[in-house]
Number of protein chains: 2
Amino acid sequence: MKRSNRQSESARARFARNLKTLRIQLGLSQEALAANAGLHRTYIGSIERAERNVSIDNMEHLATALNVDIIDLLRVQ
Amino acid sequence: MKRSNRQSESARARFARNLKTLRIQLGLSQEALAANAGLHRTYIGSIERAERNVSIDNMEHLATALNVDIIDLLRVQ
DNA sequence: ATGTGACTTAGAGTCCGTT
DNA sequence: AAACGGACTCTAAGTCACA
């Protein structure tokens with residue numbers, strides 16, 4: 001998908017993509033991130049595939065575990 | 001609360017406050033916003049009181065109904 | 001180390017009302 | 001117009017076995 005078309009992408013899909021990008025940038029496995037965020041390994045995978053409708057509390061837990069602001073996980077990058 | 005201390009505020013609380021601020025700026029009632037966002041009147045009130053753990057899909061619906069980006073509802077302002 | 005289907009349960013979200 | 005409560009229904013949260 002072109003960057004210029006990403007504006008219409010759902011927030012869920014953006015969150016999924018950014019979460020995975022940031023996790024990999026930090027060299028973390030889904031399992032390691034799950035541990036840091038206090039969530040389950042398979043749940044992280046499911047979020048990254050944009051299958052889950054994540055809540056704001058878990059979004060914040062994930063942002064904290066990745067050491068970023070929650071906004072960074074929603075921004076188009 | 002001082003602006004300088006708001007960084008430690010939860011994302012849920014920020015979302016609640018910004019939602020209410022933007023809704024009032026547009027001169028909408030909770031009922032009218034609920035209709036626009038396809039949600040229930042009492043649920044909007046509950047979110048604005050930061051009692052609910054809103055999902056990303058509904059956050060986006062609310063942002064759309066307020067004609068802003070979802071990020072604007074999470075940013076400290 | 002991750003994807004996936006299936007599952008249980010906590011809580012999201014609705015609908016009725018009263019204050 | 002909004003807060004709040006009770007009683008719902010539906011879905012996100014959270015886990016597991018296995019590929």
Side-chain angles (χ1 to χ4, degrees), chain A residues 1 8-75 77, chain B residues 1 6 9-75 77:
Chain A
M1 187 187 205
S8 59
E9 186 187 31
S10 72
R12 189 199 284 209
R14 284 205 307 277
F15 186 84
R17 187 163 39 78
N18 293 346
L19 179 69
K20 183 168 189 173
T21 300
L22 284 166
R23 174 178 66 77
I24 292 175
Q25 274 178 10
L26 292 179
L28 294 171
S29 64
Q30 289 181 350
E31 207 162 2
L33 173 58
N36 291 349
L39 296 172
H40 198 272
R41 164 186 86 74
T42 61
Y43 189 52
I44 302 289
S46 191
I47 292 171
E48 287 188 356
R49 275 172 263 124
E51 292 168 354
R52 302 291 186 126
N53 187 13
V54 201
S55 72
I56 190 169
D57 285 2
N58 278 342
M59 291 169 69
E60 187 165 37
H61 291 148
L62 288 167
T64 301
L66 291 170
N67 204 33
V68 296
D69 194 279
I70 189 170
I71 289 176
D72 297 326
L73 290 172
L74 287 166
R75 190 172 276 144
Q77 16 184 283
Chain B
M1 187 188 209
R6 281 207 189 124
E9 188 187 30
S10 72
R12 188 198 286 208
R14 284 204 307 276
F15 186 85
R17 187 164 37 78
N18 293 346
L19 179 70
K20 183 167 188 173
T21 301
L22 285 166
R23 174 179 66 76
I24 291 175
Q25 274 179 10
L26 292 179
L28 294 171
S29 65
Q30 291 179 349
E31 204 162 4
L33 174 58
N36 291 349
L39 295 171
H40 199 268
R41 154 182 87 76
T42 60
Y43 189 50
I44 303 289
S46 192
I47 293 172
E48 288 188 352
R49 275 173 261 123
E51 294 169 352
R52 302 296 184 124
N53 187 15
V54 201
S55 70
I56 191 168
D57 285 2
N58 279 341
M59 288 169 72
E60 188 164 38
H61 291 149
L62 288 166
T64 301
L66 291 169
N67 203 34
V68 296
D69 193 280
I70 188 172
I71 289 176
D72 297 326
L73 289 172
L74 287 166
R75 190 171 276 143
Q77 16 185 280

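All chains are named by letter (A, B, ...) in the order of the sequence lines, taking the proteins before the strands, and each is independently numbered beginning at 1.
- Here C:dG3 is the nucleotide among C:dG3, D:dG14, D:dA3 with the atom lying nearest to any side-chain atom of A:Q30.
- Between A:Y43 and D:dA13, a side-chain N or O to OP1/OP2 separation shorter than 4.0 Å is present.
- The distance between atom CG of A:L33 and atom C1' of C:dT2, rounded to the nearest whole Å, is 13 Å.
- Comparing D:dA3, C:dT4, C:dA12 against the side chain of B:N53 picks out C:dA12 as the nearest.
- Backbone-only engagement by B:E31 is indicated by non-hydrogen atom pairs under 4.0 Å involving sugar-phosphate atoms exclusively.
- Residue B:I56 contributes atom CD1, which lies 10 Å from atom P of D:dA13 at whole-angstrom precision.
- Pairing each heavy atom of B:D72 with each of B:N18, the nearest pair is O-ND2, 3.6 Å.
- Distances from the side chain of A:T42 to the nucleotides D:dA2, D:dT15, D:dA13 place D:dT15 closest.
- Closest-nucleotide positions on DNA chain D for B:R52 and B:K20 were compared, and the one nearer the 5' end corresponds to B:K20.
- The closest donor-acceptor contact from the side chain of A:R52 to the backbone of A:R12 lies at 3.5 Å or more, if one exists at all.
- Among the heavy atoms of the strands lying under 4.0 Å from A:R23 are primed sugar atoms or P, OP1, OP2 only; no base atom is included.
- Summarising the geometry, the separation between NE2 on A:H40 and P on C:dG3 is reported as 14 Å, rounded to the nearest angstrom.
- Going from atom CG of A:N58 over to atom C1' of D:dT11 covers 14 Å, rounded to whole Å.
- Within the 3.5 Å criterion, the main-chain N or O of B:E60 finds a donor-acceptor partner in the side chain of B:T64.
- B:R41 places its CZ atom 9 Å from the C1' atom of C:dC16, with the value rounded to the nearest Å.
- Contact of A:R49 with C:dG5 (side chain to base): no donor-acceptor pair of N or O atoms is detected under 3.5 Å.
- Paired with A:Q30 under the rule side-chain hydrogen bond (donor to acceptor under 3.5 Å, both in side chains), one option of A:R41, A:K20, A:E48 passes, and it is A:E48.
- Across all strands, A:I44 comes closer than 4.0 Å to no nucleic acid atom at all (heavy-atom distances).
- Protein atom CD1 of A:I24 is 13 Å distant from nucleotide atom P of C:dA1, rounded to whole Å.
- The CD-C1' distance, from B:E51 to C:dG11, rounds to 13 Å in whole Å.
- Between A:S55 and D:dA13 there is a side-chain polar atom (N or O) within less than 4.0 angstrom of OP1 or OP2.
- Between the side chain of A:N53 and the backbone N or O of B:D57 there is at least one donor-acceptor pair closer than 3.5 Å.
- The separation between B:L39 atom CG and C:dA12 atom P is 14 Å, rounded to whole Å.
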